[in-house]
Engineer: 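Quick one: the structure is below, and I'll ask about it shortly.
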2 protein chains.
Amino acid sequence: MATTKKRSECPISCSLDVWGDKWSLLIIRDLMLSKQCTYGDFLKSEEKIATNILAARLLMLEENSIISKLNHPDSKAKVLYKLTQKGIDLLPLMIEINLWADKYSTLPAERKAIVEEIKKDKEGFIKTQTKELKKVIL
Amino acid sequence: MATTKKRSECPISCSLDVWGDKWSLLIIRDLMLSKQCTYGDFLKSEEKIATNILAARLLMLEENSIISKLNHPDSKAKVLYKLTQKGIDLLPLMIEINLWADKYSTLPAERKAIVEEIKKDKEGFIKTQTKELKKVIL
DNA sequence: TATTTGTACTTGCAAAACGCAAGCAAATTT
DNA sequence: AAATTTGCTTGCGTTTTGCAAGTACAAATA
């Protein structure tokens, strides 16, 4: 089991107990950018997560209801992962990370474009993106 | 040296390279709640960080300009840690974590009170708190 | 002034987590 | 039927963590 003991009742601490490692938020990032990913899609990401670590994180995130599996429409061999509502609700947090990083470092062009869009209308971006991500749930 | 190699240019990944572990955001939380902390103050926190881990994280956060040291007014033996502007700018992120945790779990009463205040006027809360935290810089 | 206490760390070591490579079973393609 | 793809698991060496003890210096106490 990937279920860990809580260190305290603090909301920050409890949140970190779930996704506070070097990889979980990158998995969630991939799902926010791609809506749905296969196991292989995650492995293709730039940061090159190890396959055993990926399996462990996916299990952890699923146990904590942040992601869920669904059948791939084309093939039984493939598994699709998507964000649950709880996972989608991490979008504002993800946005703030991007804004912070934008303030203190140089972003790659394609990410910079997204951040500029967010800066223009943060609430609008969240609403639109949330709607897009929710479509996948159905 | 605590300086690690970047895994990619992704803003999420780069941010996680700096504070994406189980302890850094708890240190930052303590500084946001208390404005200034000594080494001993951090050790007193509920989560009971190990002293060697604390020293390593404080160094990492200082190297990345998120916190800085200052002389304690009363004693040469004591060291005060505070957030830099870069650290203070993590406040919106910290707030979103609290809001997310509030949505999916039960917060301790004193933290719940803060979250309710945030919900009433998020921007106002950020402005006020930022101003409070900046005072310590001077 | 000598001694004890407080504060900020460092060190040693066992345990856990990580990272890489290889392996494996079921599904799919050729 | 054989080869390939896909989603994992397993082994194993390395790194990080966590706990306990130790150290150096400042400050308080006797």
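In what follows, chains are A, B, ... by sequence order, proteins preceding strands, each numbered from 1. In what follows, every heavy atom counts, from backbone to side chain, and hydrogens, waters and symmetry copies are set aside.
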Engineer: Would you say the side chain of A:D89 lies within less than 4.5 Å of the side chain of A:T84, judging by non-hydrogen atoms?
Structural biologist: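 A:T84 vs A:D89: side chains apart.
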
Engineer: On DNA chain C, compare the nucleotides closest to A:D21 and A:A77; which residue's is nearer the 5' end?
Structural biologist: A:D21

Engineer: What nucleotide among C:dT28, D:dG11, C:dT10 has an atom nearest to a side-chain atom of A:K76?
Structural biologist: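 Selected nucleotide (nearest to the side chain): C:dT28.
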
Engineer: Starting from C1' on D:dT17, measure out to CG on A:D17 and report it in whole angstrom.
Structural biologist: 15 Å

Engineer: Less than 4.0 angstrom between a side-chain N/O of A:W23 and OP1 or OP2 of C:dG19, yes or no?
Structural biologist: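 For C:dG19, OP1 or OP2 has a side-chain N or O of A:W23 closer than 4.0 Å.
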
Engineer: Does the side chain of A:R57 get closer than 4.0 angstrom to OP1 or OP2 of C:dC18 through an N or O atom?
Structural biologist: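 Checking C:dC18 against A:R57, a side-chain N or O does come within under 4.0 Å of OP1 or OP2.
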
Engineer: Starting at the 5' end of DNA chain C, which residue's closest nucleotide do you reach first, A:A50 or B:N52?
Structural biologist: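 The 5'-side residue here is B:N52.
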
Engineer: Is it true that A:S13 and A:K6 share a donor-acceptor pair across their side chains at a distance under 3.5 Å?
Structural biologist: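 Checked: A:K6/A:S13 side chains show no N/O donor-acceptor pair below 3.5 Å.
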
Engineer: Would you kindly check if the NZ (Lys) or CZ (Arg) of A:R57 is within the cone defined by 45 degrees around the ring axis of A:W19 and under 6.0 Å from the six-membered ring centre?
Structural biologist: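 Relative to the ring axis of A:W19, which defines the angle, A:R57 lies outside at least one limit.
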
Engineer: Quick one: is C:dT28 close enough that its OP1 or OP2 comes under 4.0 Å of any side-chain N or O from A:S75?
Structural biologist: yes

Engineer: Taking CG from B:L26 and C1' from D:dG18, how many angstroms apart are they, rounded to a whole number?
Structural biologist: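 In whole Å, D:dG18 C1' lies 15 Å from B:L26 CG.
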
Engineer: Measure CD/B:E62 against P/C:dA8 and give the value in whole Å, please.
Structural biologist: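 Result: 14 Å.
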
Engineer: So, does A:N64 use its side chain to make a donor-acceptor pair with the main chain of A:M60 at under 3.5 Å?
Structural biologist: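 Checked: pair present.
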
Engineer: Of the options C:dG19, D:dC19, D:dT9, whose atoms approach the side-chain atoms of A:A55 most closely?
Structural biologist: D:dT9

Engineer: Going by heavy atoms in the side chains, are B:S65 and B:Q85 under 4.5 Å from each other?
Structural biologist: no

Engineer: Are any of the side-chain nitrogens in B:E117 or B:K122 under 4.0 Å away from the carboxylate oxygens of its partner?
Structural biologist: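 Salt bridge flag = no for B:K122 with B:E117.
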
Engineer: Tell me which residues in residues 39-48 of chain A put a heavy atom below 4.0 Å from DNA chain D, sorted by number, or none.
Structural biologist: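 Correct list: A:Y39, A:G40.
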
Engineer: What is the distance from CD1 of A:I53 to P of C:dC20, rounded to the nearest Å?
Structural biologist: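 Atom-to-atom, A:I53 to C:dC20, this comes out as 9 Å.
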
Engineer: Judged by atom type as modelled, is there a donor-acceptor pair below 3.5 Å linking the side chain of B:D21 to the main-chain atoms of B:W23?
Structural biologist: yes

Engineer: Provide, to the nearest angstrom, the distance between the CG atom belonging to A:L59 and the P atom belonging to C:dA17.
Structural biologist: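 For the pair A:L59 CG and C:dA17 P, the rounded distance is 14 Å.
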
Engineer: Nearest whole Å is fine: how far is C:dA27 C1' from A:D74 CG?
Structural biologist: 13 Å

Engineer: For the pair made of CD1 in A:I49 and P in C:dA17, what is the distance, rounded to whole Å?
Structural biologist: 16 Å

Engineer: So, is A:Y81 close to the D:dC8 phosphate, meaning a side-chain N or O under 4.0 Å from OP1 or OP2?
Structural biologist: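 Result: yes.
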
Engineer: Answer yes or no: does a side-chain N or O of A:R7 lie under 4.0 Å from OP1 or OP2 of D:dT17?
Structural biologist: no

Engineer: Taking OP1 and OP2 of D:dC8, is either one under 4.0 Å from a side-chain nitrogen or oxygen of A:K78?
Structural biologist: no

